[in-house]
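First up is the structure itself, then whatever we jot down about it.
Computed from a prediction, not measured in an experiment: that's the story for all the values here.
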Amino acid sequence: ARSQSGGTDLATALAAIVGAAHVRADEAVRRLHSEDIWLPARAVVALVVSPGSLDEAAAVVAAAHAAGFAIAPRGAGMSYTGGYVPPTERTISLDMSRMNRILRVSREDMTVTVEAGVTWRQLNDTLAGQNLRTPFWGPMSGLTSTIGGGLSQLNAMFGAGHHGTTSESVIALSVILA
């Protein structure tokens, strides 16, 4: 598939990393990933790429950087700040929806380890099954919002007045650098 921003060679390289089914170049998907609730797309992303692991995400970021493309990470797409709106058409939308695993729940130290694409519904359901909950109950935008997206938006809603924002409950992050 050819994107309008010359991402054909990059699409091939990214497909080798995440699988062809997880690299999208069709216009409707690219447009959807280029705007948030309040901001229409000024530029349309070249590709939408969905890594399935931290290693795949790191390889995608490295390949995009080497090709001169910007990265716009995206959770459930419920931003109110334009945080994942592409700055130019030479931008890759990094769709985090496949990185949706809860890796660890530790009752002993009261921590959970999740991937960025885990939704608040997933986390709340998993914890409720163990009679646990997070101090922060989730964002105003709903249970389909992702944990990673919420962290990028400094979520503050149910439970935040007493327990702080999502970010104040974070102990550690894995960060990918270009």
Going by heavy atoms in the side chains, are [X] and [Y] under 4.5 Å from each other?
X	Y	value
V18	R98	yes
L132	R107	yes
L94	V60	yes
T134	W120	yes
L10	I92	yes
V112	T126	no
T111	R104	yes
R121	D125	yes

Indicate if I71 and L32 have the same hydrophobic cluster label, given that clusters are the connected sets of ILVMFWY residues with side-chain heavy-atom separations under 4.5 angstrom.
no
Is V170 linked to M110 within one hydrophobic cluster, defined over Ile, Leu, Val, Met, Phe, Trp and Tyr using a side-chain heavy-atom separation of less than 4.5 Å?
no
Could you tell me which non-hydrogen atom of [X] sits nearest to which non-hydrogen atom of [Y], and how far apart they are?
X	Y	answer
P51	M96	CG-SD, 4.4 Å
T88	A43	C-CB, 3.6 Å
R30	A25	NE-O, 2.8 Å
A63	L14	CB-CD2, 3.9 Å
V44	S34	CA-OG, 3.3 Å
Q122	I102	O-CD1, 3.7 Å

Calculate, to the nearest 0.5 Å, the distance between atoms OG and CZ belonging to S93 and R24 respectively.
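Interatomic distance, S93 OG to R24 CZ, rounded to 0.5 Å: 11.5 Å.
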Mind jotting down which residue pairs meet the side chain to side chain donor-acceptor pair (under 3.5 Å) criterion with at least one end in residues 42-65? Sequence neighbours excluded, please.
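Sorted result for residues 42-65: S50-D95.
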Heavy-atom donor-acceptor pair, E89 side chain to V45 backbone, under 3.5 Å:
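Not at all, since once roles are kept as given, no pair shorter than 3.5 Å links the two residues.
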Could you tell me whether the side chain of Q130 and the main chain of L127 form a donor-acceptor pair under 3.5 Å?
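The answer is no, because no donor-acceptor pair under 3.5 Å joins these two groups.
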Pick from V105, N100, I147, L103: which one makes a side-chain contact (heavy atoms from CB on, under 4.5 Å) with V114?
I147
Answer yes if the side chains of T12 and D9 hold a donor-acceptor pair under 3.5 Å, and no otherwise.
no
Any salt bridge between E27 and R31, counting N to O under 4.0 Å?
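Here E27 pairs with R31 in a salt bridge, since their nearest N and O are under 4.0 Å apart.
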